[in-house]
Number of protein chains: 2
Amino acid sequence: MATLNRPGTAEGHVCGIDTAMEVIGGRWKVLLLWALHEQPCRRFGELRRLLPGITEKVLASHLRELEADGVVRRVSYDEVPPRVEYSLTEDGLRLNDALQPLAAWARERRSRQP
Amino acid sequence: MATLNRPGTAEGHVCGIDTAMEVIGGRWKVLLLWALHEQPCRRFGELRRLLPGITEKVLASHLRELEADGVVRRVSYDEVPPRVEYSLTEDGLRLNDALQPLAAWARERRSRQP
DNA sequence: CAGCATCCGTGTGGATACTG
DNA sequence: CAGTATCCACACGGATGCTG
């Protein structure tokens with residue numbers, strides 16, 4: 001019988017969905033993507049304020065992971081005080097678009113059972 | 001400044017996406033949804049074989065959670081040997097449809113960087 | 001301001017064995 | 001066959017303090 005994932009191959013997923021889950025898997029990642037979608041350029045402290053409850057460590061590590069996955073771009077300006085701006089890459093924009101139906105599903109389901 | 005989530009309210013998420021993430025958050029859940037989408041009715045052992053690496057405990061708990069979230073339906077037949085069949089609910093079908101763009105995103109991105 | 005270093009608690013998931 | 005029952009490991013996220 002065919003299987004849905006292929007153990008032994010690092011990224012050999014047949015249906016592809018869990019590859020995406022690896023990118024957005026993380027407590028705050030989809031909210032970060034959303035924040036960077038609403039406004040294309042955000043600073044570290046700004047993102048922190050947008051996500052009450054997130055700690056600096058987790059915010060930093062999430063941003064680094066999203067950057068490593070090629071969906072977030074980090075631009076550091078050589079100034080004092082330091083300024084760093086985060087934005088979505090092209091791939092990140094596409095990912096966010098791909099996330100919209102999921103958000104719509106959640107909204108629609110809540111409107112049915114409030 | 002407005003925030004993306006509203007701490008203090010259990011399900012008061014503004015953008016809705018992380019509500020969906022709570023449903024599909026789990027190591028194998030999207031694969032389960034996918035399996036039940038490919039073929040509408042699956043048995044426990046069948047699902048276990050489709051997901052090499054999953055343990056019985058995790059499979060059972062994931063199925064129970066998906067059932068509690070109203071996306072999976074469990075039908076138990078009173079037979080010997082026991083037979084239980086799992087299928088997607090209407091809501092589960094819609095969830096799976098909402099997941100397709102995400103899978104497409106992952107596939108498209110892999111085709112660009114193999 | 002934008003982080004990193006360190007330590008730590010919890011929960012999710014996993015291994016194994018057993019049952020109706 | 002379709003699960004429970006235990007026990008356990010470790011990754012993830014969190015709290016706190018310090019730095020360029």
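Just so it is clear: chains get the letters A, B, ... in the order the sequence lines come, proteins before strands, and each one is counted from 1.
Side chain of F44(A), nearest nucleotide from dA15(D), dG3(D), dA2(C): dA2(C).
In this structure, E85(B) places its CD atom 14 Å from P of dC1(D), rounding to the nearest Å. We find that CG of L51(B) is positioned 14 Å from C1' of dG13(C), with the value rounded to whole Å. What separates CZ of R48(A) from C1' of dA15(D) is a distance of 14 Å, to the nearest Å. Rounded to whole angstrom, the span from the NZ atom of K29(A) across to the C1' atom of dA11(D) amounts to 13 Å. The distance between atom OH of Y86(A) and atom P of dG3(C), rounded to the nearest whole Å, is 3 Å. Rounded to whole Å, atom P of dA2(C) lies 15 Å from atom CD of E67(A). E46(A) has its CD atom 13 Å from the P atom of dG3(C), to the nearest Å. One can place CG of L59(B) at 10 Å from C1' of dA2(D), the figure rounded to the nearest angstrom.
The side chain of R43(B) places an N or O atom within less than 4.0 Å of a non-bridging phosphate oxygen (OP1 or OP2) of dA2(D). Side-chain N/O atoms of W28(A) include none lying less than 4.0 angstrom from OP1 or OP2 on dC12(D).
A donor and an acceptor atom, one from each side chain of W105(B) and D91(A), are located under 3.5 Å apart.
A residue-by-residue look at I54(B) and P82(B) shows that I54(B) has its nearest nucleotide of DNA chain C further toward the 5' end. Nearest-nucleotide positions on DNA chain D for E65(A) and G45(B) put G45(B) closer to the 5' end.
Taking each heavy atom of P101(B) and A98(A) in turn, the nearest pair found is O-CB, 3.5 Å.
Both the sub-6.0 Å distance and the 45° axial angle are not jointly satisfied by R42(B) relative to the ring of Y86(B).
Test V23(A), D69(A), T89(A), V30(A) against L95(A) for side-chain contact (heavy atoms from CB on, under 4.5 Å) and you get one pass: V23(A). When V71(A), L66(A), L88(A) are each tested for a side-chain contact (heavy atoms from CB on, under 4.5 Å) with L32(A), only one passes: L66(A).
Here E65(A) contributes atom CD and I24(A) contributes atom CD1; the two are 13.5 Å apart, rounded to the nearest 0.5 Å. Here the straight-line distance linking atom CZ of R48(A) with atom CG of L59(A) works out to 8.0 Å at 0.5 Å rounding.
With the end axes of the helix from dC1(C)-dG20(D) to dG20(C)-dC1(D) each set by five pairs, the angle from one to the other reads 60° at 10° resolution.
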Which atom pairs link the protein and nucleotides 4-12 of chain C when you take only N or O atoms and keep those under 3.5 Å?
from, atom 1, to, atom 2, distance (Å)
dC4(C), OP2, R64(A), NH2, 3.1

